[in-house]
Structures are given as structure tokens and as C-alpha cells.
Protein chains: 2
Amino acid sequence: MTQTREEKKRQTRKAIIAAAVRLFDLKGFEKTSIEELAKEAGIGKGTIYTYFQTKSEIFYAFCEEQLEFIHEELARKTDPSAPLIEQVMTIFMGEFLHVTRNKEFGRFFMQQVLFPPEGDRNRFAEVDNKWLELLFSIYQKAQQRNELRSDIDLLYLAGHFYALYVVVVSSWYAGRIETEEVAPGMRMLFEQVLEGLAPSPQAISA
Amino acid sequence: MTQTREEKKRQTRKAIIAAAVRLFDLKGFEKTSIEELAKEAGIGKGTIYTYFQTKSEIFYAFCEEQLEFIHEELARKTDPSAPLIEQVMTIFMGEFLHVTRNKEFGRFFMQQVLFPPEGDRNRFAEVDNKWLELLFSIYQKAQQRNELRSDIDLLYLAGHFYALYVVVVSSWYAGRIETEEVAPGMRMLFEQVLEGLAPSPQAISA
DNA sequence: CACAAAAATCGACCGCGGTCGACTTTTTGC
DNA sequence: GCAAAAAGTCGACCGCGGTCGATTTTTGTG
């Protein structure tokens with residue numbers, strides 16, 4: 001039966017990820033060796049490479065699972081009728097809290113998503129798309145409510161907010177801001193980008 | 001004489017960096033082994049570790065040199081009387097071109113600067129400060145010329161522009177945009193952030 | 001059921017980054 | 001000038017990520 005083999009493979013794959021979740025959480029990513037991982041999953045070292053090409057890929061697989069869950073949760077939590085800034089705060093702060101729950105994971109994740117190695121470009125493409133869809137719908141509705149300019153492409157709008165999110169996370173990782181400063185800092189940046197950095201035209205004409 | 005020893009150490013250190021520049025450029029960072037590096041520098045493998053604690057540190061040292069040079073050049077190139085957007089375009093495009101001259105270097109550099117490992121937090125602090133000083137002076141002058149709101153902290157202003165720079169570089173690394181799209185994309189984002197993402201107040205009252 | 005093809009399993013092995021302790025050179029104090 | 005201490009040099013060695021080919025297990029076919 002063709003079923004048996006596929007089924008077993010799926011189970012083994014799951015076992016590896018499960019082992020990874022346990023050990024990465026316990027000892028961290030770097031300090032967990034492939035051999036330990038294999039042992040924990042009850043297979044030989046070489047067999048790991050039937051399922052994942054590199055150690056990073058195991059981490060990616062774990063991330064994908066997590067992200068799918070996180071994004072679903074955030075989509076549920078977000079109130080589509082709330083003001084734009086509340087919605088983006090909910091989403092990005094939620095993402096921040098999840099991503100940085102395990103500091104090492106978060107760092108590696110951000111590094112790989114933002115500046116992926118040549119081969120891994122589309123690694124998170126699928127998850128990213130769902131993510132973008134959610135944000136797009138938020139921005140689009142904000143445009144319709146006239147909270148956002150309609151002459152700016154959705155992709156650019158997404159870029160602006162994401163950019164600020166990234167620098168906030170980066171500032172946290174670089175130790176330039178403390179955890180309590182993240183939310184107020186992010187909110188202030190979002191407010192500022194909405195209003196614009198240039199003085200408002202009235203102020204000039206006034 | 002105390003001089004001899006220190007002098008020799010300085011020379012050896014330089015020799016290592018010189019070897020690194022040559023070999024990293026030739027074969028890339030990952031593909032250059034410490035042993036090769038040592039051989040090229042004319043010393044033993046273990047000796048490298050008297051001068052640098054990890055392979056990454058050699059790269060950092062190289063980066064610091066480069067950055068100092070780049071920032072000086074950019075400071076010279078920038079016309080303090082030009083409109084703000086021209087100045088930031090000059091600076092960030094200059095930075096982009098230098099950072100991405102060697103793709104692998106640029107990736108690693110961005111990853112480390114934005115999301116540094118726990119121990120390496122202040123690795124680039126010194127260079128960063130000079131960098132920030134240059135930008136601060138630009139933003140401050142723009143505030144005085146009323147091109148930028150004066151009620152926003154310089155650090156936040158810097159954050160806004162830097163954030164956009166980062167997402168542009170990230171988009172390039174992730175293959176979402178081509179090299180030719182970098183400059184126009186960055187310019188458009190800068191223009192938008194200056195104007196603000198929200199519709200202008202007149203538009204609302206109109 | 002038989003048996004060849006295909007796929008999966010495995011651990012010995014490789015190369016690399018980094019460590020360590022034995023050895024050499026330089027500095028210090030008298 | 002010399003002996004002890006301090007600092008520098010080195011390559012054998014360790015552990016890890018990843019490869020490979022020999023072996024076992026599963027699948028498709030008559």
C-alpha cells in the first residue's frame with residue numbers, strides 16, 4: 001500500500017519537528033546538535049537529511065507552523081471597525097510578542113526573512129502572502145474610510161508600516177530600547193508616519 | 001623595548017585583515033577557512049585567535065574600516081544646501097551601493113547590525129555614532145529650513161528614514177525588487193513619508 | 001509470491017570553526 | 001645579564017553540520 005510509506009514519512013517529519021521544538025526550547029537552536037535531534041526523534045543522524053536539507057530548514061519548518069498559528073490568531077483578534085492605528089498596533093505588537101518570545105528564534109527569523117540567503121528566497125513566501133493579504137485588507141478598508149491616502153499603492157503602504165515595525169524590533173534587539181518602550185515607541189512612529197514628517201501645508205501658509 | 005612587541009602585533013593584525021580582504025573578495029566569507037586565512041597572513045591557525053575571537057570578528061573589523069571610509073565619502077558628497085530628499089537619497093543610495101557591492105558582505109552586515117547576537121551589541125557602536133551624527137545634522141538643518149517638523153525628536157526622524165532604507169535593502173535581498181527599482185522606490189517612499197500616509201487635512205475639509 | 005527497482009536508513013567520514021596545552025619569545029625585576 | 005613571569009605562537013584535537021555509500025525496507029510488476 002502506498003499509504004503506509006507516506007504516512008510514516010509524515011509521522012517521522014512531525015517527530016523531528018516535535019523534537020526540535022522541545023530541544024530548541026530547552027537548549028536553544030545553536031546548542032542543539034543534529035545528532036541529539038535525531039536521537040530525540042528516534043532516528044539516525046543521516047536520516048534527518050532525508051527530511052530537511054539543512055539545520056536551518058528544520059527551524060524554518062518550525063517557524064512556518066508558528067507563523068500560521070500566530071497570523072490566524074492576530075486576524076481573529078483584530079477589530080476591523082477600529083481605527084487603523086489600533087489595528088496595526090494590535091497586529092504588529094502581537095507579532096512582536098510572539099517573535100521575541102524566544103529571543104534566539106526571533107533574531108534568526110528576522111535575519112532570514114529580511115535578508116535571506118540566495119537559495120532560501122521563497123522559503124516564507126506562502127506564509128508571507130497570507131500575512132500580506134491580512135494587512136492589505138486592513139489598509140484597503142482604511143483607504144475606503146479615508147484614513148489612508150488612496151493614491152498610494154497598497155504595497156507601499158504595507159512597506160511603510162512594516163519598515164517601522166522592523167526598526168522597532170531591531171532597536172529592541174540592539175538594546176537601544178527596553179521592552180516597555182516598544183509599544184509607545186511604535187505607536188508614536190505610526191502616528192508620525194500618518195501625519196507626515198514635513199510640516200503640514202497650513203502651518204506653512206499660516 | 002615595549003614598542004617592538006606592540007608594533008609587531010599591529011602589523012600582524014593588519015596582515016590578517018589584508019588577507020581577509022583578499023580572500024573574502026576572492027572566495028567569499030563562508031568559503032574562506034580560518035586555516036587559509038592564517039596561511040595567507042603567514043601565521044599559524046591558532047594565532048588568529050590571539051587577534052580575533054571569532055571568524056565574524058575578522059569580518060567586523062573589515063566592515064569597520066570600510067564603513068569609516070564610506071561615511072567620510074558620503075559626508076563629503078552630500079550638499080548641505082540641497083533639499084532634504086536629495087541629501088537623504090545621496091546618503092542612503094551611496095550606502096546601499098557600497099553595502100551591496102559584495103552581496104554576501106552586505107547581507108551579513110545588515111543582519112548583524114539590525115539583529116546583533118547578545119554579545120556583539122556594541123560592535124558597531126562607534127561607527128554608528130558617527131553615522132548618526134551626520135544624519136542628525138542633516139535632519140536638524142532641515143528642521144531649521146522648515147522641511148521637517150520640529151516637534152519630532154531627531155532620533156525618531158532618523159528612525160523613519162532608516163526604516164525605509166532597511167525595507168528597500170531587504171526587498172532587494174529578498175528579490176522583490178531589481179537593482180534599477182531601488183532608487184525610484186526609495187525616493188517614492190521618502191516623498192510619501194514626508195507628506196504623510198493620511199489624507200491631508202484640507203482634503204478632508206474640502 | 002518473487003524479485004528487481006526505488007526509496008529510506010544509517011553511521012563512518014570530511015572539513016571547518018574554535019580550543020587547548022606544549023613550546024618559544026619577549027618583558028620585567030633584581 | 002639572568003632567571004622567572006608574561007605574552008605570543010602553533011598545530012593536534014574536539015564537536016558540529018553535512019556527505020556518502022553500503023545496507024535495509026518498501027513498492028510496483030509478472
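Here the structure is a predicted model, which is why all the values come from computation and not from measurement. Note on naming: letters A, B, ... go to the chains in the order of the sequence lines (proteins, then strands), and numbering restarts at 1 for each one.
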Separation of [N] [atom2] from [X] [atom1] (nearest whole Å):
| X | N | atom1 | atom2 | result |
| --- | --- | --- | --- | --- |
| B/K8 | D/dA6 | NZ | P | 20 Å |
| B/I34 | C/dT19 | CD1 | P | 10 Å |
| A/L37 | D/dG15 | CG | P | 19 Å |

Side chain of B/T54 only, please: which of C/dT9, C/dG18, D/dT9 is the nearest? C/dG18
Side chain of A/S33, heavy atoms from C-beta onward: which of C/dC10, D/dG17, C/dG17 has the nearest atom to it? D/dG17
So, taking the atom named CD1 in A/I91 and the one named CD in A/E73, what distance separates them when rounded to the nearest 0.5 Å? 11.5 Å
Between B/Q192 and A/H160, does any side-chain donor sit less than 3.5 Å from a side-chain acceptor? yes
Testing the 3.5 Å rule here: is there a donor-acceptor pair between the side chains of B/Y51 and B/E57? no
So, is A/Y51 close to the C/dT9 phosphate, meaning a side-chain N or O under 4.0 Å from OP1 or OP2? yes
Scanning both residues in full, the closest heavy-atom pair of B/E30 with B/E104 reads CG-OE2, 2.8 Å
Would you classify A/T32 as touching base, sugar-phosphate or nothing, given that sugar-phosphate means primed atoms plus P, OP1 and OP2, and contacts are heavy atoms under 4.0 Å? sugar-phosphate
Looking only at N and O atoms, is any donor in the side chain of A/K45 or the base of D/dG18 less than 3.5 Å from an acceptor on the other one? yes
